[in-house]
J.: 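Please see the structure below; I have some questions.
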Amino acid sequence: MNAGKLDIIVAPDFDLALTLDSGQTFHWEKTDAGFAGTIGARAIYVKQRDDQLFVSKGRAELCSKYFALDHPLADICASFPPDPAMQSAIAFCRGLRIIRQPHWECLATFITSSMKQVAHIRQISQTLRHRFGEPCSLCELTVYAYPTPHRIAELDERDLQACALGYRAKSLLATARLINSGEVDIDQMAALPDDELRARLCALPGVGAKVANCVMLFAYERLRAFPIDVWIERVLRQQYFPGRRRMTARQLRDFAAKHFGEHGGYAQQYLFHHARKTTPRRLSPRAS
DNA sequence: CTCCAGGGATGAT
DNA sequence: ATCATCCATGGA
């Protein structure tokens, strides 16, 4: 697959496979020794060997930014609280980075994510890309960009239903049309402070607090944003408030914001990935 | 078969 | 402000 020449990036404190499997992004496909995918409209091949990252020719800068290789990971992990749940998650997730995704494809994929397992989010993303996205050649492979707001906006709701979006089709279509019309500018929103950005995202169809926080964390580099999904809620209740009833969603949110600090989003991702990969399915639902 | 999934919108308290 | 209910679909 890597017949063409590749650029080399030195990437310490980074685990590519772990990062791409952590539920931030849903379209990278494992090839021979690496991964094939897209960043925006660009086709990218990337593989890792030890501390070196090999990426498609001319894409070193793009990949360095996308994979957030400039994040001071050691300092970030050192800022996490020293509780047992956090420490075991840190040990489990070494090299996991919060990446910088393009705004639209992150927003759109998380609109399609509600009440879906990761495997199915991947399937929806792949179907949308193959049917409506621009094909990009990557050596002998063809990868597909996420369809633009313009492309989605001109579709019919049935076109999206046919991609197994279910009740999410209406939301994705409505949000794509708001952006395509120019009524909403999600790139310009990057200049807003956290609270206002969250409010503006939540004003979009299909976007509530959880999806807004995911998009803030994975696309707008708001490392404090703390998405609370079913997994994280379980972790918080079981690990931080065992056997305690009457913890409202509001109380959990306030605790998370206070306890995990300025890189709370990173802490959340570590707790999420650790729980998701270590909780046995179909057996006793106890975290390690 | 049942249960669950990186939830959101809506209407009733 | 919180709570219950419904919303489609597929994997386990």
Side-chain angles (χ1 to χ4, degrees), chain A residues 18-28 89 93 96 98-99 101 105-128 131 156-176 178 198-220 222-223 225-239 245-254 256 260 264-287:
Chain A
L18 176 65
T19 298
L20 293 182
D21 187 39
S22 68
Q24 305 181 57
T25 184
F26 305 92
H27 68 286
W28 291 92
C93 297
L96 171 51
I98 302 287
I99 68 178
Q101 298 181 49
E105 60 187 65
C106 182
L107 171 62
T109 53
F110 275 97
I111 286 175
T112 67
S113 76
S114 88
M115 289 303 293
K116 280 296 182 189
Q117 296 183 151
V118 169
H120 197 210
I121 301 169
R122 296 184 64 94
Q123 181 186 319
I124 290 173
S125 170
Q126 182 180 6
T127 305
L128 288 173
R131 289 195 190 177
D156 188 87
E157 189 176 323
R158 296 185 194 287
D159 298 326
L160 297 176
Q161 292 278 7
C163 299
L165 268 73
Y167 61 85
R168 306 154 194 83
K170 192 185 302 287
S171 299
L172 181 62
L173 185 59
T175 292
L178 278 173
R198 185 179 293 104
R200 296 277 292 273
L201 288 170
C202 285
L204 299 172
V207 181
K210 189 270 172 184
V211 167
N213 278 318
C214 283
V215 178
M216 289 174 67
L217 181 60
F218 302 140
Y220 288 87
R222 306 305 168 100
L223 301 186
F226 196 98
I228 298 180
D229 72 321
V230 292
W231 287 97
I232 287 296
E233 180 163 351
R234 261 199 303 265
V235 169
L236 291 179
R237 292 186 188 279
Q238 293 179 357
Q239 303 292 325
R245 276 198 142 286
R246 279 299 137 201
M247 283 298 291
T248 67
R250 174 63 182 266
Q251 287 175 300
L252 291 176
R253 185 176 72 71
D254 291 346
F260 295 102
Y266 252 102
Q268 174 277 154
Q269 191 65 13
Y270 280 41
L271 291 171
F272 170 81
H273 190 255
H274 177 57
R276 206 169 73 80
K277 292 298 181 180
T278 60
T279 304
R281 301 280 185 177
R282 270 299 161 202
L283 289 175
S284 64
R286 285 186 58 81

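As the structure is a computational prediction, the values presented were derived from the model and not from experiment. Throughout, protein chains are lettered first and strands after them, A, B, ... in sequence-line order, and every chain is numbered starting at 1.
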J.: Would you say A:Phe272 stacks on B:dG6, if stacking means ring centres under 5.5 Å apart and planes within less than 30 degrees?
T.: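 Stacking between A:Phe272 and B:dG6: present.
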J.: Calculate the interatomic distance between A:Leu172 atom CG and B:dG8 atom C1'; express it in whole Å.
T.: 14 Å
J.: Once salt bridge (Lys or Arg N to Asp or Glu O under 4.0 Å) is applied, do any residues pair with A:Arg222, and if so which ones, sequence neighbours excluded?
T.: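 Here the qualifying residues are A:Asp194.
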J.: Distance check needed: B:dG8 P versus A:Lys170 NZ, whole Å only.
T.: 18 Å
J.: For the P atoms, the ones on B:dG6 and on C:dT5, what distance do you get once it is rounded to whole angstrom?
T.: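 Each nucleotide's P atom is 24 Å from the other's.
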J.: Taking A:Arg168 for the side chain and A:Ser114 for the main chain, is one N or O donor matched with an acceptor at less than 3.5 Å?
T.: yes
J.: At 4.0 Å (heavy atoms only), tell me whether A:Ser22 reaches a base, stays on the sugar-phosphate, or touches nothing.
T.: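 Answer is base: heavy atoms of A:Ser22 come under 4.0 Å of a base.
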J.: Which atoms of nucleotides 1-6 of chain C (N or O only) lie under 3.5 Å from a protein N or O atom, and what are those distances?
T.:
none

J.: What integer number of Å spans the C1' atoms of B:dC1 and C:dG10?
T.: 15 Å
J.: Given the rule in the side-chain contact (heavy atoms from CB on, under 4.5 Å) test, do A:Met115 and A:Tyr167 qualify, once you have shown the distances and angles that lead to the verdict?
T.: CA-CA 11 Å; A:Met115 289 303 293; A:Tyr167 61 85; 3.6 Å; yes
J.: Measure from the side-chain N and O atoms of A:Asp254 to the backbone N and O of A:Gln251, and report whether any donor-acceptor pair falls under 3.5 Å.
T.: no
J.: A:Leu217 and A:Gln268: side-chain contact (heavy atoms from CB on, under 4.5 Å), yes or no, with the steps?
T.: CA-CA 10 Å; A:Leu217 181 60; A:Gln268 174 277 154; 3.6 Å; yes
J.: Looking only at atom types and distance, does a side-chain atom of A:Thr175 sit under 3.5 Å from a main-chain N or O of A:Leu172, one as donor and one as acceptor?
T.: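 Checking the backbone N and O of A:Leu172 against the side chain of A:Thr175, no donor-acceptor pair under 3.5 Å is found.
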J.: Grab the CH2-P distance between A:Trp231 and B:dG7 for me, whole Å please.
T.: 11 Å
J.: Indicate yes or no for a side-chain donor-acceptor contact from A:Arg237 to the backbone of A:Met247 under 3.5 Å, with no hydrogens or angles considered.
T.: yes
J.: Can you check the A:Gln126 CD to C:dG10 P distance for me, whole Å?
T.: 14 Å
J.: Any side-chain to backbone donor/acceptor pair from A:Tyr266 onto A:Ile98? Under 3.5 Å, distance only.
T.: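 Indeed, once roles are kept as given, a pair shorter than 3.5 Å links the two residues.
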J.: Tell me whether the count of non-hydrogen atoms from other residues, nucleotides or ligands lying under 6.0 Å of CZ in A:Arg122 goes above 12.
T.: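 More than 12 heavy atoms, drawn from other residues, nucleotides or ligands, come within 6.0 Å of this atom.
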J.: Under 3.5 Å, side chain of A:Gln161 to main-chain N/O of A:Ala169, donor-acceptor pair present?
T.: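 Judged by distance alone, no pair lies under 3.5 Å.
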J.: Take atom C1' in C:dG11 and the same atom in B:dG8, then report the distance between them in whole Å.
T.: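 Comparing C1' positions in C:dG11 and B:dG8 gives a spacing of 22 Å.
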J.: Is it the case that the side chain of A:Gln101 and the backbone of A:Gln24 share a donor-acceptor pair, with hydrogens and angles ignored and the cut-off at 3.5 Å?
T.: yes
J.: Any idea which heavy atoms bring A:Ser125 and A:His27 closest together, and the distance?
T.: OG-CB, 3.9 Å
J.: Rounded to the nearest angstrom, tell me the gap between atom NE2 in A:His274 and atom P in B:dG6.
T.: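 Going from NE2 in A:His274 over to P in B:dG6 covers 17 Å.
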J.: I'd like a list of close polar pairs between nucleotides 7-9 of chain C and the protein, N/O only, cut-off under 3.5 Å.
T.:
{"residue": "C:dA8", "atom": "O4'", "partner": "A:Tyr167", "partner atom": "N", "Å": "3.4"}
{"residue": "C:dA8", "atom": "N3", "partner": "A:Arg168", "partner atom": "NH2", "Å": "3.3"}
{"residue": "C:dT9", "atom": "O2", "partner": "A:Lys116", "partner atom": "NZ", "Å": "2.6"}

J.: For A:Gln123, which residues count as a side chain to side chain donor-acceptor pair (under 3.5 Å) partner, sequence neighbours excluded?
T.: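 For A:Gln123 there are no side chain to side chain donor-acceptor pair (under 3.5 Å) partners, ignoring immediate neighbours.
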J.: In this structure, how many angstroms lie between the P atom of B:dA5 and the CD atom of A:Gln123, rounded?
T.: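 Atom-to-atom, A:Gln123 to B:dA5, this comes out as 18 Å.
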J.: Between atom CZ in A:Phe218 and atom P in B:dG6, what is the gap in whole Å?
T.: 13 Å
J.: Which part of the nucleic acid does A:Glu233 contact within heavy-atom distance under 4.0 Å: base, sugar-phosphate only, or nothing?
T.: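 No contact at all - A:Glu233 keeps every heavy atom at 4.0 Å or more from the nucleic acid.
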J.: Might you work through the side-chain contact (heavy atoms from CB on, under 4.5 Å) test for A:Arg276 and A:Val118, ending with a clear yes or no?
T.: CA-CA 10 Å; A:Arg276 206 169 73 80; A:Val118 169; 3.7 Å; yes
J.: In whole angstroms, how far is the P atom of B:dG7 from the CD1 atom of A:Ile232?
T.: 11 Å
J.: Rounded to whole angstrom, note down the C1' distance from B:dC4 over to C:dC7.
T.: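 Roughly 15 Å separates the two C1' atoms.
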J.: Listing time: all N or O pairs from protein to nucleotides 9-13 of chain B that are below 3.5 Å?
T.:
{"residue": "B:dA9", "atom": "OP1", "partner": "A:Gly206", "partner atom": "N", "Å": "3.1"}

J.: Set out, in order, the CA-CA distance, both residues' side-chain angles and the distance that settles side-chain contact (heavy atoms from CB on, under 4.5 Å) for A:Phe226 and A:Ile232, then state yes or no.
T.: CA-CA 9 Å; A:Phe226 196 98; A:Ile232 287 296; 3.7 Å; yes
J.: Taking a pair as Watson-Crick (N1 to N3 plus N6-O4 or O6-N4) or G-U wobble (N1-O2 and O6-N3), both under 3.5 Å, which stems of 3 or more consecutive pairs involve DNA chain C?
T.: B:2-5 with C:9-12, B:7-13 with C:1-7
